[in-house]
Amino acid sequence: MKGFTGKILRVDLSSSNYKSQDLDEKTAREFLGGRGLGAKILYDEQNARTDPFSPENILVFATGPLTGTKTPSSGRHFVISKSHATGGMTFSSSGGTWAVELKKAGFDAVVVKGKAKKPTYLWIEDGDVELKSAEAFWGKFVSETDEGIRDETHSDAKVLCIGPAGEKKSFIASVMNEKYRAAGRTGLGAVMGSKNLKAIVVRGEKNVEVANSIGVTRAVAKALKKISESDVTKEEGGLNAYGTAVLTNVMNASGIYPTKNFQTGTFEDAEDISGERMAETLLEEKTACYECPIECGRRVKVKSGKYAGVEGESLEYESSWAFGGQCGVNDLGALAKANHLCNEYGLDTISTGSTIGFAMELMERGIISKDKVGLNLTFGNDDAMIKMIEMMGGREGFGNVLGDGTKVAAEKIGNGAEYYAMQVKGLELPAYDPRGVFGLGLNYATANRGGCHVSGYTIAAEILGTPLKADPFDSSGEKVDLTILFQDLTAAVDSSGNCLFLTLALDADDYVDMTKSVVGWEDYTVDELMTTGERIFAIERLFNKREGFGRKDDTLPERLLKEPMPEGAPKGKVHPLEEMLNMYYSKRGYNSDGHPEEKTIKKLGLT
C-alpha cells in the first residue's frame with residue numbers, strides 16, 4: 001500500500017508514552033486519510049459527551065495518501081477533534097510543508113490523548129520520537145516559538161504550534177504551522193492548549209513512495225493541463241495574479257460581500273481592500289504550498305501610513321473581509337496588521353474579525369457601551385479593532401468576553417445580543433451572505449463543523465460558474481443535489497491530502513487517477529471515491545448525533561431567514577432554508593431530524 005507510510009503515532013501525554021500502530025488498508029480505503037481518518041478514529045474511540053478540554057478528548061493530526069507526492073498541491077494536513085466552540089466533531093486544514101515532513105519522518109498521522117503535567121512539545125525525526133519541555137516557549141508568540149524550537153532541534157524542522165490564544169484556551173484559537181499557515185477554524189488551538197501541548201515538530205528524510213510512478217506522472221500531467229487551462233487556477237489567472245482576495249470585487253459585485261455584520265451585502269470601499277489593490281500596494285511576492293502550481297499565497301509588506309513596516313503572510317480573502325467589510329475598515333495596512341496579530345497570537349482570522357464586527361453592531365445599537373468595552377468599537381475604527389485583537393489574544397478586559405467567539409459572547413452579554421451573532425453551531429460565518437447564494441446557505445446550515453464555506457463550496461458554481469453555472473437563487477431539488485455533490489466530493493478531497501482549490505479545475509476522475517496510481521488500487525472508481533466522501537460526512541453526523549445535535553442545529557442566523565437583503569442583486573431576498581432542508585434530508589437518506597437512517601448506515605458500511 002504505497003502513498004502511505006503505514007504508521008500512526010499514538011501519544012499519551014499523561015503518561016509520556018507513545019507507540020506506533022499500523023494503518024490497516026481497509027480503514028485507508030474506506031476513509032482515505034486526513035479528515036476521514038480523523039473522523040473514523042474519533043467516532044470509534046471517543047466516548048459521548050467527552051469534555052473537549054478533558055485529557056480524554058482525542059486530537060488527531062492526519063495527512064492523506066497524496067500528501068508529499070508529486071500530485072499538485074499535496075501539502076495538506078487536517079486537525080480533527082471535538083470542539084468547545086461547536087460542541088461536536090470538528091476539523092480544520094492547513095497547507096505548507098509540515099504534513100509532507102511528517103510523512104517523510106515516517107508517520108501518516110499523530111493521535112494525541114491525555115494532558116502533559118507541564119508545557120511540552122513533541123519532536124519527531126525520521127521515526128524517532130521524544131517529548132521535550134516547552135516551558136521556555138510557553139507564552140511566546142508563534143514566530144518566536146517557531147524560531148526558538150528550530151534553534152533547539154534542527155534548522156530544517158517544520159514547526160506546528162499554538163500561540164498565547166491557544167494556551168489561554170480561546171474557543172477561536174488556531175493551530176499554526178510554519179509561522180503563517182493556519183488550521184484556523186473551530187478553536188482546535190484551544191484543545192492543544194488544554195493538553196499543555198505547545199508544538200509538534202517534525203523532520204524527515206524518507207521518500208514518499210508510490211505504487212505506479214508512470215501512472216502518477218500521467219495523472220499529474222493531465223491534472224496540470226486542466227489547471228493551466230482554467231481562468232481561476234492558471235498562471236496569471238485569478239488566484240495566481242491576485243490571490244484569494246481576487247474574490248473581493250467579485251463577491252461585492254454579486255451583492256453577497258457581508259458588510260457591517262451582515263447588515264447588507266455591498267461594501268462601498270471594497271475596491272480599496274481588493275486583491276487588485278493589494279497587488280498594486282502591498283505585494284512582495286507570491287508564495288505556494290508544497291507542489292502547488294497556483295501560488296495563491298501573498299507575502300505582503302505595508303510601505304506607508306501608520307502601519308508601515310508590517311509584513312507577513314498571507315492576507316487571504318476571508319481575512320481581509322473579516323477585518324475589512326465586516327468591520328467597515330478600508331485600510332489595507334490595518335488589515336495586514338490585524339492578520340499579523342492573529343498569526344502571532346494564534347487566532348482564527350474569520351472568527352476574530354467576525355466577532356469584532358458583531359461587537360461593533362452591538363455598540364451601534366446601544367447593547368454595549370464604550371465604557372463597558374473600554375474602546376470606541378465602532379464600524380470603521382481600525383485603531384479600536386487592532387487593540388481589540390490584542391485584548392482577545394491575551395484575554396484582557398472585554399477581550400475576554402469576545403475571546404470565545406460570538407455565540408459565547410452573546411450569551412454573556414444578553415439583552416438580545418444573540419440575534420446579531422452570525423454563527424451556525426457556534427462557528428462564525430465566513431465572507432458570503434447566503435441570502436444571495438442559496439446552495440451555500442444550505443451548506444452553512446448542514447455542514448457538520450458549523451458555519452463553514454469549504455464543507456461544500458457551491459460558490460464555485462453559483463458565482464464563479466465552474467465546473468458548471470448554477471443560478472444562485474435556485475432552491476429546487478437540483479440545487480440540493482449540487483450541494484450534496486459538493487459536500488461529498490469535498491470530504492473525499494479533504495481526506496486525500498490535496499488542496500480543495502484544485503476542484504476549481506479538476507474533476508472526481510482526476511482524483512481517482514492520482515489515487516489509484518499513488519496507492520495501487522487499480523480498481524478504484526469515481527463511485528467509490530464519492531461513496532467515501534458520503535461515508536465521511538455521515539460518520540461525522542453520527543458522532544454529532546451522540547452529542548445531541550439534530551435538526552434544531554441545522555439552521556441559519558435569524559437575520560438571514562427574516563431580514564430581506566436591502567440592496568444589490570439579492571435585494572428583497574431571504575434564505576429559503578426550510579424547504580431546502582426537507583429535500584436535503586430526504587435525498588441524503590436522513591430522517592426528519594437530520595440523522596442517517598439505518599438503511600443509509602448499512603449502505604455506507606458504518607454498522
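If you're wondering where the values come from, they're calculated on a predicted model, not measured in any experiment.
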- cation_pi(Arg588, Phe537) dist<6.0 Å, angle<=45: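 Positive - Arg588 is close enough to the ring of Phe537 and near enough to its axis.
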
- Is the charged tip of Arg181 near the ring of Trp98: under 6.0 Å from the six-membered ring centre and within 45° of its axis?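 Output no; distance or angle outside limits.
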
What pair of heavy atoms forms the shortest contact from [X] to [Y], and how long is it?
X	Y	result
Gly96	Cys289	N-SG, 3.1 Å
Leu504	Ser230	O-OG, 3.8 Å
Leu604	Arg535	O-NE, 2.7 Å
Thr458	Gly439	OG1-C, 3.4 Å
Gly106	Thr5	O-OG1, 3.3 Å
Met176	Ala182	SD-CB, 3.6 Å

What do you reckon, is [atom1] of [X] surrounded by more than 12 foreign heavy atoms closer than 6.0 Å?
X	atom1	result
Glu478	CD	no
Lys469	NZ	yes
Ile214	CD1	no
Lys2	NZ	no
Glu235	CD	no
Tyr242	OH	no
Glu229	CD	yes

Taking the side chain as everything from C-beta on, heavy atoms only, tell me whether [X] gets closer than 4.5 Å to [Y].
X	Y	value
Val79	Val60	no
Thr446	Gln487	yes
Arg76	Cys499	yes

Taking [X] first and then [Y], would you say they form a salt bridge - that is, a charged N and a carboxylate O separated by under 4.0 Å?
X	Y	result
Arg203	Glu101	no
Lys132	Glu125	no
Glu528	Arg29	yes
Arg185	Asp348	yes
Glu284	Arg299	no
Asp554	Lys425	yes
Asp513	Lys222	yes

- Message: Show, in sequence, the C-alpha distance, side-chain angles and deciding distance for Glu534 and Lys603, and conclude whether the salt bridge (Lys or Arg N to Asp or Glu O under 4.0 Å) test is met.
- Response: CA-CA 10 Å; Glu534 183 183 2; Lys603 179 190 80 168; 3.0 Å; yes

Side-chain polar contacts of residues 34-47 - donor-acceptor pairs under 3.5 angstrom, sequence neighbours left out - could you list them?
from, atom 1, to, atom 2, distance (Å)
Arg35, NE, Glu540, OE2, 2.7
Arg35, NH1, Asp494, OD2, 2.9
Arg35, NH2, Glu540, OE1, 3.0
Lys40, NZ, Asp44, OD2, 3.0
Glu45, OE1, Arg10, NH1, 3.0
Glu45, OE2, Arg10, NH2, 2.6
Gln46, OE1, Ile58, N, 3.0
Gln46, NE2, Asn57, OD1, 2.6

- Item | Step-by-step side-chain hydrogen bond (donor to acceptor under 3.5 Å, both in side chains) determination, Ser94 to Asn177 | CA-CA 8 Å; Ser94 184; Asn177 62 282; 2.5 Å; yes

- Task: Run the numbers on Lys226 and Asp231 for salt bridge (Lys or Arg N to Asp or Glu O under 4.0 Å), then give the verdict.
- Result: CA-CA 10 Å; Lys226 287 187 175 182; Asp231 288 339; over 6 Å; no

Report the distance from atom [atom1] of [X] to atom [atom2] of [Y], rounding to the nearest 0.5 Å.
X	Y	atom1	atom2	result
Leu542	His595	CG	NE2	8.5 Å
Leu427	Ser83	CG	OG	8.0 Å
Asn339	Ser314	CG	OG	7.5 Å

- Task: Please assess Val216 against Asn212 for the test side-chain contact (heavy atoms from CB on, under 4.5 Å), listing each intermediate value before the final yes or no.
- Result: CA-CA 6 Å; Val216 171; Asn212 180 352; 5.5 Å; no

- Message: I need the single residue from Val424, Asn544, Thr90 that forms a side chain to side chain contact (heavy atoms under 4.5 Å, CB included) with Arg449. Which is it?
- Response: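 The residue from Val424, Asn544, Thr90 that satisfies side chain to side chain contact (heavy atoms under 4.5 Å, CB included) with Arg449 turns out to be Thr90.
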
- Can you sort out the partners of Met278 under side-chain contact (heavy atoms from CB on, under 4.5 Å), two or more places apart, ordered by chain and number?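 Met278 satisfies side-chain contact (heavy atoms from CB on, under 4.5 Å) with Ala245, Leu282, Arg298, Val300, Leu315, Leu332 only.
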
- List the steps, then state whether side-chain contact (heavy atoms from CB on, under 4.5 Å) holds for Phe61 with Met192. CA-CA 11 Å; Phe61 304 82; Met192 276 186 72; 4.0 Å; yes

- Quick one: do Thr248 and Trp321 satisfy side-chain contact (heavy atoms from CB on, under 4.5 Å)? Show the steps, please. CA-CA 8 Å; Thr248 301; Trp321 160 77; over 6 Å; no

- Mind checking whether Phe501 and Tyr457 have ring centres under 6.0 Å apart?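 Here the rings of Tyr457 and Phe501 have centres that are no less than 6.0 Å from each other.
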
- Would you please test Glu318 and Thr349 for side-chain hydrogen bond (donor to acceptor under 3.5 Å, both in side chains) and show each step? CA-CA 8 Å; Glu318 304 289 345; Thr349 54; over 6 Å; no

- Task: Could you give me the CA-CA distance, side-chain angles and deciding distance for Thr67 and Ser74, then say whether side-chain contact (heavy atoms from CB on, under 4.5 Å) is met?
- Result: CA-CA 5 Å; Thr67 303; Ser74 53; 5.5 Å; no

- Stepwise, does the ring pair (Phe, Tyr, Trp, His ring centres under 6.0 Å) test hold for Tyr432 with His453? CA-CA 8 Å; Tyr432 314 89; His453 60 300; 5.7 Å; yes

